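Chain naming here is simple, since letters A, B, ... match the order of the sequence lines and numbering starts at 1 in each. Just so we're clear, the structure is a prediction, and the values are computed from it rather than from any experiment.
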Amino acid sequence: MMQAVKRACDACHRRKAKCDGVNPCRNCGQARLSCTYNAIPQKKGPKGTRANVISELRETQRQMSLSAKVQNRINGGPCAPPNPGLAPTPGLLTSELIKECIAFFFDNLYPQLPILDRNSVEQQVLYMEQNPGAYCLLTSLCAFVMLQPGMNMPAGDPYNLDLFPGATIVSSQLLVEEAVKVRKGYEYLDSVSLNVLATNFFLFACHYGLESHDRAWHYLREASTMIHLTGMHQEDHYMKLESVEASRRRRLFWLVYATER
DNA sequence: TTATTCGGAAATTAAAAACA
DNA sequence: GTTTTTAATTTCCGAATAAT
């Protein structure tokens, strides 16, 4: 940009036009206006105590974090969601939390639940903000992992929540609520993917672990119904799939089937 | 085609915070 | 004390719109 003049005349200021700063200026001359410099400039810079937009944003983000929500709930504080819509809550599912939960799942739980592919899950982390299916899967997966014995609050928790024995359970509850909320915001029944079925299974397992048996069976039955509607109980369903996807679906089918019995 | 308007990017400035 | 960070304000580019 060309060097700005120290002060634009009143008319140029009003017209948002470049002023040459002399009196009369070129614009006023051309427009046959009287060129004045009467406006009193405002004082620039922060007012009073340092204005703190960034600090407010930081505080808001901090309050959005899972640890802060857990702390609030443990203290019996207000837990009205600051984001009442059905969009993902910004800052709730941190990359640190996801990383630790994925690692825990594949290190400890995968042998019993070989329904996910690690590469695929890690890929989905990259675009979960744009893809509600991926977001719900990761949220419910984290909720499930947080309920497991041996799993602790994620690193970077500023509230020392490890000292509260129930913190992981509260975290799991909050994550389940988040997954269910975001799910309401999109038509997950339109395309019954592996993500959708796995999300159902994790929601089932979380509710079961949280002693909410009716809801748990609801999610399992829903998964079972989706499996039947998509024909996953018939062998030819797997013909048109590539082998990795087919084997994951087969395992998921048998897992849901066996759990229901 | 020319003139005018105006959204908003970039520059400028100054107060507060951080640092030595 | 000086430097850095932050935010309020100003200038004016350039796209959209209106007038001729």
Side-chain angles (χ1 to χ4, degrees), chain A residues 1-101 123-135 138-139 142 152-164 167 170-171 174-175 178 181-182 185-186:
Chain A
M1 202 211 277
M2 215 179 2
Q3 180 77 41
V5 289
K6 209 78 173 165
R7 174 118 188 249
C9 76
D10 298 339
C12 288
H13 176 65
R14 172 84 211 290
R15 296 171 70 191
K16 298 189 176 183
K18 175 154 180 63
C19 188
D20 53 21
V22 298
N23 194 346
C25 74
R26 196 153 49 87
N27 281 332
C28 288
Q30 277 179 358
R32 290 200 288 281
L33 293 165
S34 70
C35 187
T36 60
Y37 290 80
N38 294 333
I40 300 163
Q42 305 268 66
K43 273 203 160 182
K44 294 180 178 179
K47 295 204 160 41
T49 175
R50 169 101 112 206
N52 50 358
V53 172
I54 287 204
S55 317
E56 274 176 23
L57 286 169
R58 283 197 185 121
E59 180 57 18
T60 307
Q61 286 193 353
R62 201 178 62 76
Q63 288 292 333
M64 292 277 194
S65 75
L66 182 64
S67 298
K69 283 171 180 282
V70 171
Q71 173 78 353
N72 265 344
R73 192 165 283 193
I74 286 173
N75 289 338
C79 54
N83 178 8
L86 300 177
T89 305
L92 182 75
L93 207 56
T94 60
S95 52
E96 200 57 47
L97 172 71
I98 298 175
K99 216 169 88 183
E100 289 187 26
C101 288
Q123 280 291 312
Q124 302 201 62
V125 177
L126 305 175
Y127 58 83
M128 66 170 191
E129 308 284 345
Q130 290 81 43
N131 183 325
Y135 184 82
L138 291 164
T139 312
C142 290
N152 299 313
M153 287 302 289
D157 150 44
Y159 299 95
N160 290 325
L161 290 168
D162 282 340
L163 303 176
F164 292 90
V170 177
S171 299
L174 286 162
L175 290 166
E178 172 77 0
K181 179 192 83 174
V182 173
Y186 85 103

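One finds a side-chain N or O of A:His13 lying less than 4.0 angstrom from the OP1 or OP2 phosphate oxygen of C:dT11.
The side-chain contact (heavy atoms from CB on, under 4.5 Å) test applied to A:Val125 returns A:Ile98, A:Ile102, A:Leu138, not counting sequence neighbours.
At a non-hydrogen distance threshold of 4.0 Å, nothing from residues 22-34 of chain A comes into contact with DNA chain B.
Among the nucleotides B:dT5, B:dT13, C:dT11, the one closest to the side chain of A:Arg15 is B:dT5. Closest approach to the A:Lys18 side chain among C:dT11, C:dC13, B:dT13 is made by C:dC13 (side chain taken as heavy atoms from C-beta onward). When each of C:dT10, B:dT13, C:dT11 is scored by its nearest atom to the side-chain atoms of A:Lys6, the top-ranked nucleotide is B:dT13.
In this structure, the separation between CZ on A:Arg26 and SG on A:Cys9 is 12.0 Å, given to the nearest 0.5 Å. To the nearest 0.5 Å, atoms SG (A:Cys25) and CG (A:Asp20) are separated by 5.5 Å. Rounding to the nearest 0.5 Å places CD of A:Glu178 at 6.0 Å from OG1 of A:Thr139.
Atom pair A:Lys16:NZ and C:dC12:P shows a separation of 13 Å (rounding to whole Å applied). Between A:Lys44 atom NZ and B:dA10 atom P the separation is 17 Å, expressed in whole Å.
Using a 4.0 Å heavy-atom cutoff across all strands shown, A:Cys12 reaches no nucleic acid atom at all.
For the pair A:Gly133 and A:Tyr186, the tightest heavy-atom approach, listed with the atom from each and the gap, is CA-OH, 3.3 Å. Shown here for A:Gly21 and A:Val5, the closest heavy-atom pair between the two residues is N-CG1, 3.9 Å. When all heavy atoms of A:Asn27 and A:Ala17 are compared, the pair lying nearest together is ND2-CB, 3.7 Å. Considering all non-hydrogen atoms of both residues, A:Asp10 and A:Ala39 come closest at OD1-N, 3.2 Å.
With the 3.5 Å cutoff on both pairing distances, Watson-Crick and G-U pairs in DNA chain B assemble into runs of at least 3 at B:1-19 with C:1-19.
Residues A:Leu93 and A:Pro88 have side chains not in contact (no heavy-atom distance under 4.5 Å, counting atoms from C-beta outward).
Between A:Arg14 and A:Lys43, the residue anchored nearer the 5' end of DNA chain B, judged by the nucleotide with its closest heavy atom, is A:Arg14.
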